[in-house]
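Lettering of chains follows the sequences in order, A, B, ..., and the numbering in each one begins at 1.
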Amino acid sequence: MTGWMDHLTIAPIVLPMLAGAVMMLIDERQRTLKAVIGMASALALLVLAVLAMTVADQGAAGVRVYRLGDWPANFGIVLVLDRFAALMLVLTGILGVAALLFSLPRWQKAGAHFHSLFQFQLMGLNGAFLTGDLFNLFVFFEIMLAASYGLALHGSGLARVRAGLHYIAINLSASLLFLIGVSMIYGISGTLNMADLAGRVAGLAAEDRGLLEAGAAILGVAFLIKAGMWPLGFWLPNTYSTLGAASAAIVSILSKVGVYAVLRLWLLVFGDGAGASSGFGGNVLLVGGLLTIGFGSIAVLATQSMARLAGASVLVSSGTLLAAIGAGQLSVTGGALFYLSSSVLAVAGFFLVVELVERGRAVGADVLAVTREAYGEGDDEDSDDGGAGVAIPATMAILGIGFMSSALLLAGLPPLSGFLAKFAILSPLLAAGPDVPVTTWVLMAALVLSGLATVVAMTRAGIDAFWASPSDEAPRVRVAEIAPVLLLLALNVALTVQAGPAMRYMEDTARSLHAPRDYTGAVKAVARTPGTTGGTQ
Amino acid sequence: MELILSLGIGVLTGSGVWLLLRPRTFQVIVGLSLLSYAVNLFIFSTGGLRTGAEPILEGGRAGNLAMHADPVPQALVLTAIVIGFATTALFLVLLLAARGLTGTDHVDGKEKSR
C-alpha cells in the first residue's frame, strides 16, 4: 500500500458500515449522539465521494481498482472506481446528507435504529456502485434492500406494513432471479468478474451464446424490477407513496441503482466488442422505457395524492432513462446521465416538499373534503375566508417555491436543469442524420407528452394545496427540514448554471462506458501483476 | 443424477411459484422458501455434477477443474443461503406485524369482497 489515497475506493463502504455498527451498540435514548455520528458519517461520505470524483476524472489513469484481500482479479473480488461509479457516489452522498438532515427534527424518532439502517443503506448503495464483481453486486444489492425494508417500514402504521409486504415479496423474488442469472452466466463463462466477462463474451461458442444471453436477460429482469420498467413496476408508486419522507428521499435512488446496473453491465458485456451478442436486448430497453413513460404519465395524471404523484414521477424518470439508454448512442447516453443526476436530486427534493406540504393539510383537509362532499356545502367557504386577506405566510411561500421548482424540474420546463437534460437527450437523436427513425419520433413525443402530463398533474395538485384550500395556520416547518429541500434545489440550479462542465463530465463518462477499454484494461492490469496492490499504475 | 436434480429443481420451482401466487401470507413465505431451495440447487449445479471429486487441490498436482470440484458455486450457494435465511426471517416478522395490524392473513391486508 502506497498511501491513504489507495483506500479511497473502499472507504465509502467501510465508513458507513462502522458508523452503523457502532450506533447499534448505543442506547436508543441517546439520540443526539447517534444523530451526530450519523451526520458526521454522511458528511464524510459526501467529501469522500467528491474526492473520488476528482480522482476518477483523470482519463485512463482515473480508473482505480482495489483488490479485496489482495487476490488477483480473476480469483478475488475487485472494487472499481471510475467516472460513472464516482458520479453515483456523489449523488448518494448528497441525498444521504439531505435526507438525514431532514430526518433530524422528526423522522428519526418514529422508530428504532433509524440511524443504523440509514448508514447500512448508504453502505449498500455505495457498494453496489463500486463493485466490479457480479456476485458481490448481489451481496450489496441485498444489503441495500435489507436496509430499505427497514426504512420502508420505519414509522410503522397500517399502510406502510401493507405496502411493505408487497415490496419485500417482490424484491425477494427479484433476488432469486438475480441469483439464477448470475449462476447461469458463471456456468457458461466461468467468471464473475465483470471486466473479465466482457472479454470472454466475444469468444463464446455459438451454442453457449443463447444460454449466456438467457442468463443476462434473467439478470436484466431483476434489475428492471428495481428500475420499475413497465410490466415490472406496479409495486413502485404504492410503496414509495407510503414511505416516510426522509426514507423516500434516500430510497428513491434505489430505482436508479437498477438503471445503473443495466447501463453498466449492458454496455460492458453487450457493447461493441461483444461480437454476435453486441447490442443484445437494446430494443427491449427502448420499447420498455417508452411503455414505462406512457404508464408513468397516465399514473401521474390519475393520482389524487401528492405522495403518489411523486412515486409516479419516479416511474416517468426511470422510463426516460431506460429509453434513452436503449437508443444505444454515445451522445444520448451523456444526456441520459445528465438527466439521471438532475432527476435524482429533483425527485428526492419533491418527496421532502410533499411531506412538508401534506403536513399542513393532513390535520383537517381530508376530513373537510369528505364532509363537504357528504353535505354538499359549498357556501361555507365564504365565511371561512375572513382571514384570507392576510399575506401568505413565509413558510407557505417557501414551500410554494420548492413545489414549483420541483414541478419545473420534473416536467422538464426551461429555466432549470430538467429542461437541459431532456434537451441533451433529444438533440443528438435528431442531429444523427437526415432520416430520423420512427422510434426517435416516438421517444421525442413520449418525452414531451410526459412533461405535459407532469405539468397538468403538478398544477392541479399545486392549486389544490396552495390556493384552493389555504389552511389558517401554516405547517410548522423547522429550518432543518426546509434546508435540505433548498439544498437539493440549489444543487439543481448549480447544475443548470454549470451545465457546460457537468455535461463535459457526463460525456466523458458516456464515452468510457461505450468503450470500456480503460475499465477492463485497469482490472486486467491488476490481475496480471501479483505483488502490487491498490490503485492502478 | 442430472435427471433427478433437474426434476427436483423443477418440482421445487413449480410448487414455489404456485404458492407465491396464493392469497395467504403464509403460503407466500413457504413459496419463497421453496423457490430459494430451488435456486440454491441450481447455483450448485452450475459447477458441474460429479461424484467423488476432490474438494481441494492435492499436493504436487496441477490445478485443473477436471481434478477437483469447482469451489466457486459452493461459496456462492453458502452466501445465498445465509442471505435468503435472513430475508425470510425479516419477511416472517413483517407477516406477523401485518397479521396483527390488519387482522387478516390476506396479502392485501383485507379479504376480497365476494
Q. Can you tell me if CZ on Phe85(B) sees more than 12 non-hydrogen neighbours from other groups inside 6.0 Å?
A. no
(Q) Quick check for you: among Ile188(A), Ile143(A), Leu172(A), which has the greatest number of heavy-atom pairs under 4.5 Å with chain B? (A) Leu172(A)
Q) Rounded to the nearest 0.5 Å, how far does CG of Leu32(B) lie from CD1 of Ile168(A)? A) 10.5 Å
Q.
Using every non-hydrogen atom in the two residues, find where Arg162(A) and Asp108(B) come nearest and quote the distance to one decimal.
A. CD-O, 3.1 Å
**Q.** Leu177(A), part contacting chain B, at a heavy-atom distance under 4.5 Å
**A.** neither
Q: Among Leu192(A), Val182(A), Leu153(A), Leu176(A), single out the residue with the greatest number of heavy-atom pairs under 4.5 Å to chain B.
A: Leu176(A)
Q) Within a reach of under 6.0 Å around CG of Leu7(B), are more than 12 heavy atoms found that belong to other residues, nucleotides or ligands? A) yes
(Q) Looking at every non-hydrogen atom in both residues, tell me the closest pair between Val161(A) and Ala97(B) and how far apart they are. (A) CG1-C, 4.3 Å
Q: Sort Leu76(B) into side chain, backbone, both or neither according to what part of it lies under 4.5 angstrom from a heavy atom of chain A.
A: both
**Q.** chain B neighbours within residues 212-231 of chain A, where any heavy atom lies under 4.5 Å away
**A.** none
Q) Taking all atoms of both residues into account, what is the closest heavy-atom pair of Ser183(A) and Thr46(B), and its distance? A) O-CG2, 3.3 Å
Q. Between Tyr186(A) and Asp70(B), what is the shortest heavy-atom contact and its length?
A. OH-OD2, 2.6 Å
Q.
Any heavy-atom pair between the side chains of Val93(B) and Tyr149(A) that's under 4.5 Å?
A. no
**Q.** Under 4.5 Å from any heavy atom of chain A - which part of Ser45(B)
**A.** neither
Q: Give the member of Ala169(A), Gly190(A), Ser175(A), Ala163(A) that has the highest number of heavy-atom pairs under 4.5 Å with chain B.
A: Ala169(A)
Q. What part of Leu20(B) lies closer than 4.5 angstrom to a heavy atom of chain A: side chain, backbone, both or neither?
A. side chain
(Q) If I measure from the heavy atoms of chain A, does Ile43(B) come under 4.5 Å with its side chain, its backbone, both, or neither? (A) both
Q) Where is the tightest heavy-atom contact between Ile83(B) and Glu142(A), given as atom of each residue plus distance? A) CG2-CG, 3.4 Å
Q. Of all of Ile29(B), Val72(B), Val77(B), which one pairs up most often with chain A through heavy atoms under 4.5 Å apart?
A. Val72(B)
**Q.** Residue among Thr25(B), Val28(B), Asn40(B), Thr79(B) with most heavy-atom pairs under 4.5 Å to chain A
**A.** Thr79(B)
Q: Given side chain to side chain contact (heavy atoms under 4.5 Å, CB included), test Tyr167(A) with Leu94(B) step by step and report yes or no.
A: CA-CA 11 Å; Tyr167(A) 176 63; Leu94(B) 184 65; over 6 Å; no
